[in-house]
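Notes for the one structure printed next.
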Amino acid sequence: MARILVADDAAFMRQMIREIVEAEGHEVVAEASDGVEAVDQFKAHHPDLVTMDIVMPRRSGIDAVKGILEIDSTACVVMCSALGQETLVTEALQAGARDFIVKPFKPDSVVKTVNKVLEKESQ
Amino acid sequence: MALDMTKYRAVFLEDATEHLADMSRALLDLEKDTEHADAIDVLFRMAHSIKGMAASLEYDSIAEVSHVLEDRMQEIRSAGGVDGTEGLTLVFKGMEGLEAMIEVVRQTGESPPPNPDLVNALATPIAPAECQKKKS
């Protein structure tokens, strides 16, 4: 079981990810609705994994990834992107994100990506 | 696993209604200042967010309109502002169209019919002269 931080400016998306990962036995330790809050919540909870939306107010998801990696260079961040955001996804991966999931979320795909990143981390 | 999407409809309606209110305020700001960067950003993000939620619930017509509105806002951002008459009216029509579609979901629980005229209007590229005017 992993401790997960869910960062997305839409409550809808946060709730959906929470339901998917909790059904898999993981624990959502905190939620964030913008990039600044994401970094703050990471600092407060040090989760095993962060799901990070790309388009968020105050501080973008990519910028928040950089902020989180400054705090902990081993942090596992999975980006949540929409179709058509390939350039931003590439930028996020270059910034240090481990993987990405594409909206609209397919539960099996979310679980597979989250578990793959967690497994790699535990090796 | 399969998600029970019916419970997400209520969350969608709540979130989308808030987003539309934010968009409406941003449009007022944009009317006063056609280069208002924060207002352009809010309109872009809210359209993007509605697109993601609508696609998750398979409200394809809403996803389509919000997608072209998001792209339009991206173009306006790149141009440095919106044309104060036609351009602004089109963004307003986009928001109004989304509002009407979301109301259909509220009333019927079903995906609204597509609005190809609105999609085509929003998808029409901004005239280069307008971009140039905004950049200068």
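From a predicted model like this one, the values you see are computed outputs, not experimental measurements. Every chain is numbered from 1, with letters handed out A, B, ... down the list of sequences.
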Study note, to complete from the structure: Separation between CZ (A/Phe12) and CZ (B/Arg9), nearest 0.5 Å, reads 11.0 Å
Check your understanding: Do A/Val55 and B/Phe44 pass the side-chain contact (heavy atoms from CB on, under 4.5 Å) test, and can you show the C-alpha distance, the side-chain angles, and the key distance before you say yes or no?
Key -> CA-CA 9 Å; A/Val55 178; B/Phe44 170 81; 4.0 Å; yes
**Study point:** In one Ile/Leu/Val/Met/Phe/Trp/Tyr side-chain cluster, 4.5 Å: B/Leu28, B/Leu30
**Key:** no
Review point. Are more than 12 heavy atoms from other residues, nucleotides or ligands located less than 6.0 Å from atom CD of B/Glu103?
Key: yes
Review point. Is the number of heavy atoms from other residues, nucleotides or ligands within 6.0 Å of CD (A/Glu22) greater than 12?
Key: yes
Review point. Just how far is it from atom CE of A/Met56 to atom CZ of B/Arg45, taken to the nearest 0.5 Å?
Key: 10.0 Å
Check your understanding: With hydrophobic residues grouped by side-chain heavy-atom distances under 4.5 Å, do A/Val21 and A/Met1 end up in a single group?
Key -> no
Point to revise | Atom pair CE/CE of A/Met16 and B/Met53 - distance to nearest 0.5 Å | key: 10.5 Å
Check your understanding: Which value, rounded to the nearest 0.5 Å, describes the distance between B/Ser49 atom OG and A/Lys103 atom NZ?
Key -> 6.5 Å
**Study point:** A/Ala10 backbone acceptor or donor facing B/Asp15 side chain under 3.5 Å
**Key:** no
Review point. Does A/Val36 share a hydrophobic cluster with A/Met52, counting links as ILVMFWY side-chain heavy atoms below 4.5 Å and allowing steps through other members?
Key: no
Practice item. State, to 0.1 Å, how close A/Pro107 and B/Leu3 come at their nearest heavy-atom pair, and which atoms those are. Key: CG-CG, 3.8 Å
Exercise for review: Give the cluster check for A/Val28 versus A/Val111: same hydrophobic cluster or not, with ILVMFWY residues linked at side-chain heavy-atom distances below 4.5 Å.
Suggested key: yes
Study note, to complete from the structure: Distance col, row A/Met13:CE vs B/Phe12:CZ, nearest 0.5 angstrom, shows 10.0 Å
